[in-house]
Amino acid sequence: MKRFSAILLSVTMLFTMMLTGCGQKEAGSTDDSITAPAEEKLVELNFYMMNSPVNEFDRIMKKANEIIAKEINAKLNLILVDSSTYADKMNLMINSGDDWDLGFTASWGGINFFENAAKGAYADLTDLLPKFAPETYSRIPEGLWEGVKVKDRIYAVVNYQQWGTSKRNGFQFRKDLAEETGFNWEAVKGKSTIEALEMIGPFLGDALNKHPEMIGFETSSTYSLFANDPLYWNMESVGDMSIPGWINLDNPDKVINQYETEDFAKFSEIMRDWFLKGYVRKDGATVKDTTPDRKAGKFVAEKNYGWPDSIDVPEQNLAMSMMPKDGTAPAVSVSNTRTMIPAGAGSTAAIAINSESKHIEKALELIELLNTNDDLYKLITLGEEGVDYKYNEDGAYTPVEGKYSFNWNEWQIGQSYSPTFNRAQYDKNKNGETQKEIQTFVYETDKTADISPVTGFVFDPTPIKTQLANCSAVITEMVPALSSGSVDPEKVLPDFLKRLKTAGVDDIIKEKQAQYDSWKANK
């Protein structure tokens, strides 16, 4: 019995020593026969956006993916689609249930953000954003998030840009001509648009008397200062801007026919007066492209969307539209409207994630990386400094011809906004510093600007398709003539309003009001 006990003890001690020895070898990883777990496989993410072919694209994407792999263990397959076919391609992919992860989205150009979000094509990001893209989420003003909501849920990530999002409209004038004629352009600031136009008229006359080869103010068949720019008139469109049915921002609950307002009647009278005096083109009701006039520096005054204006930041180096900043056509600008984040601002440029993607959280991590890693963003949008772009002797950003160029489409892939101004092609000189000063002003204003009361509303035109088509035909025919002054509003305006009635404008206003009321009640 004693012998059996001794043998059992010896075997037990031997077994214990063997286990201890094995454990020591595993901890030290000295046994070549024991392999470490395989590295986690890169998650591939397909991101679709609009862009024409990019030179040396593969070189840049290889470098970009080195950063992405290191930071979030993913690979970006950036798929560029021509802008003329992008909307059709994405809508087809969505309707066919094709495999994709991220895509540029918007409420324009047939891309159908609201429609696709409402039918469940895009992932609901409301609860995921603060967790997987916290800095992106915190940087963007609340008003912009409202613009990508459907039924109070967020379905896209807003691409917040370096120029901000608040809108304030105004006018721009040839600086040399204002000085020559003694025009007090600063007095236009804050005036109603009717008052502003009445002040601008005499300046156009004085300038054209001295420079008859120029054009006073821009008019065309494709743009109306009234029909295409409600903010100038303290209004906002309810649904599609091109059809009747706006609200006055001082009375935002009531949908009105904007063409029945006193402002439109007075605007038509002013434009008729300018037409008869030769301040606008005689073919303003039919000309479609005014680009040649802009590039020739022919306009004395023009509408302006850029701000802060020259009163707020007087040292800006401004030029008239499409003119170089070389002193050929120097400009000063002044604003006259309120500052507002328009209803469509958030959905103007955003990134959606496929609701059927297997990598929704990783896709959000990619968006966060693109929006916060400045080196990665600049690599994709600008290329490599010294290879694809340089700064000349004056410090001006200068692309290298024939090298990598993202074709100015950086606004589709993420945020060019940065609190440190380190994500865009700022000049390394006084102009660049002035631009940063201006944008700091804009960013701060974005936090306090009025938010359009229509933000988040989506109009369903289905019940009144016939009336919409009929009214659209009347507007297309008659508004260019009234807006360019080529017809007498005393005779033509009453006929225009009568034809709109016949076409069914009252049905449109009634339907918009009903949908708008219902939407507000359910917010």
Side-chain angles (χ1 to χ4, degrees), residues 163-208 216-219 223-226 228-236 248-250 261-264 266-267 269-271 273-274 279-280 294 299-321 323 325 329-342 345 431 434-452:
W163 49 82
T165 191
S166 303
K167 189 175 183 183
R168 188 193 293 175
N169 293 356
F171 297 92
Q172 189 158 273
F173 311 104
R174 276 286 294 260
K175 181 180 180 181
D176 51 348
L177 300 186
E179 292 173 350
E180 183 181 9
T181 60
F183 175 51
N184 182 14
W185 57 273
E186 294 179 330
V188 174
K189 188 174 180 68
K191 295 291 191 295
S192 73
T193 298
I194 290 297
E195 290 178 294
L197 294 174
E198 289 174 336
M199 296 170 69
I200 292 168
F203 165 56
L204 300 182
D206 291 344
L208 292 173
F217 197 78
E218 182 178 20
T219 53
Y223 173 83
S224 162
L225 185 66
F226 186 92
N228 298 103
D229 259 313
L231 188 57
Y232 273 108
W233 311 96
N234 198 39
M235 290 192 266
E236 173 74 301
N248 187 296
L249 293 171
D250 292 331
T261 61
E262 183 180 340
D263 274 340
F264 184 62
K266 186 62 179 175
F267 168 69
E269 291 175 13
I270 291 173
M271 296 312 297
D273 179 58
W274 287 8
Y279 297 174
V280 296
R294 291 190 186 191
F299 292 116
V300 175
E302 57 193 14
K303 63 185 181 295
N304 183 54
Y305 305 129
W307 68 280
D309 54 43
S310 296
I311 295 177
D312 297 321
V313 186
E315 63 269 21
Q316 294 180 70
N317 180 25
L318 298 177
M320 298 299 281
S321 178
M323 292 296 294
K325 296 179 180 181
V332 286
S333 67
V334 62
S335 59
N336 74 301
T337 72
R338 70 170 69 201
T339 307
M340 188 177 76
I341 297 178
N431 287 341
T434 300
Q435 187 180 9
K436 292 177 184 179
E437 178 187 345
I438 291 168
Q439 289 173 358
T440 300
F441 186 95
V442 172
Y443 297 151
E444 290 304 312
T445 305
D446 278 356
K447 299 174 185 176
T448 58
D450 296 339
I451 298 172
S452 167

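Ion pair R338/D450 flagged as a salt bridge, since at least one NZ, NE, NH1 or NH2 atom sits closer than 4.0 Å to an Asp/Glu carboxylate oxygen.
One side chain, D229 or Y223, offers a donor N or O that lies under 3.5 Å from an acceptor on the other.
One N or O on the side chain of Q316 and one on the backbone of D309 form a donor-acceptor pair closer than 3.5 Å. Checked by atom type and distance alone, the side chain of S166 never pairs as donor or acceptor with a backbone atom of T339 at under 3.5 Å. Listed for the E179 side chain is no donor-acceptor partner under 3.5 Å among the backbone atoms of R174.
When side chains are defined from C-beta on, N234 counts as touching N248, because their heavy atoms get closer than 4.5 Å. Residues F203 and L177 are in side-chain contact: their nearest non-hydrogen atoms beyond the backbone lie under 4.5 Å apart. Side-chain contact check for V300 versus L208: some heavy-atom pair is nearer than 4.5 Å. Within the 4.5 Å cutoff, side-chain heavy atoms of R294 are placed close to those of E218. Here the side chains of W274 and L204 are in contact, with some heavy-atom distance below 4.5 Å. Side-chain contact check for F267 versus T193: every heavy-atom pair is 4.5 Å or farther apart.
The distance from the CE atom of M199 to the CH2 atom of W185 is 12.0 Å, given to the nearest 0.5 Å. Taking CD of E198 as the reference point, atom NZ of K266 lies at 5.0 Å (rounded to 0.5 Å). In this structure, M320 CE and N304 CG are separated by 9.0 Å, a value rounded to the nearest 0.5 Å. Expressed to the nearest 0.5 Å, how far OG of S452 lies from CG of L249 amounts to 7.0 Å. Distance check: M340 CE to T165 OG1 gives 10.5 Å after rounding to the nearest 0.5 Å. The structure places CG of D446 at 14.0 Å from NZ of K167, a figure rounded to the nearest 0.5 Å.
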- Query: When you look at N228 and K303, which way does the side-chain contact (heavy atoms from CB on, under 4.5 Å) test go after all the steps?
  - Reply: CA-CA 12 Å; N228 298 103; K303 63 185 181 295; over 6 Å; no
- Message: Checking S335 against K189 for the side chain to side chain donor-acceptor pair (under 3.5 Å) test, could you report, in this order, the C-alpha distance in whole Å, the side-chain angles of both residues, the deciding distance, and whether it holds?
- Response: CA-CA 5 Å; S335 59; K189 188 174 180 68; 3.2 Å; yes
- Evaluate the criterion side-chain contact (heavy atoms from CB on, under 4.5 Å) for residue pair I438 and W163; output intermediate values, then yes/no. CA-CA 9 Å; I438 291 168; W163 49 82; over 6 Å; no
- Query: Does the side-chain contact (heavy atoms from CB on, under 4.5 Å) test come out yes or no for L197 and L225, once each step is laid out?
  - Reply: CA-CA 11 Å; L197 294 174; L225 185 66; 4.2 Å; yes
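Of all heavy-atom pairs between V442 and W307, the closest is CG2-O, 3.7 Å. Residues P308 and F441 approach most closely at CG-CD2, 3.2 Å, considering heavy atoms. For the pair E302 and S321, the tightest heavy-atom approach, listed with the atom from each and the gap, is OE2-N, 2.8 Å. Heavy atoms only, all atoms of each residue included: V188 and A196 are closest at CG1-CB, 3.7 Å.
Under a cut-off of 6.0 angstrom, the local environment of NZ in K175 is sparse, with at most 12 non-hydrogen atoms contributed by other residues, nucleotides or ligands.
Note on ring orientation: taking the six-membered ring where Trp is involved, the planes of W233 and F226 are tilted (angle from 30° to 60°).
The six-membered or imidazole ring of Y232 lies near that of F171, with a centre-to-centre distance under 6.0 Å.
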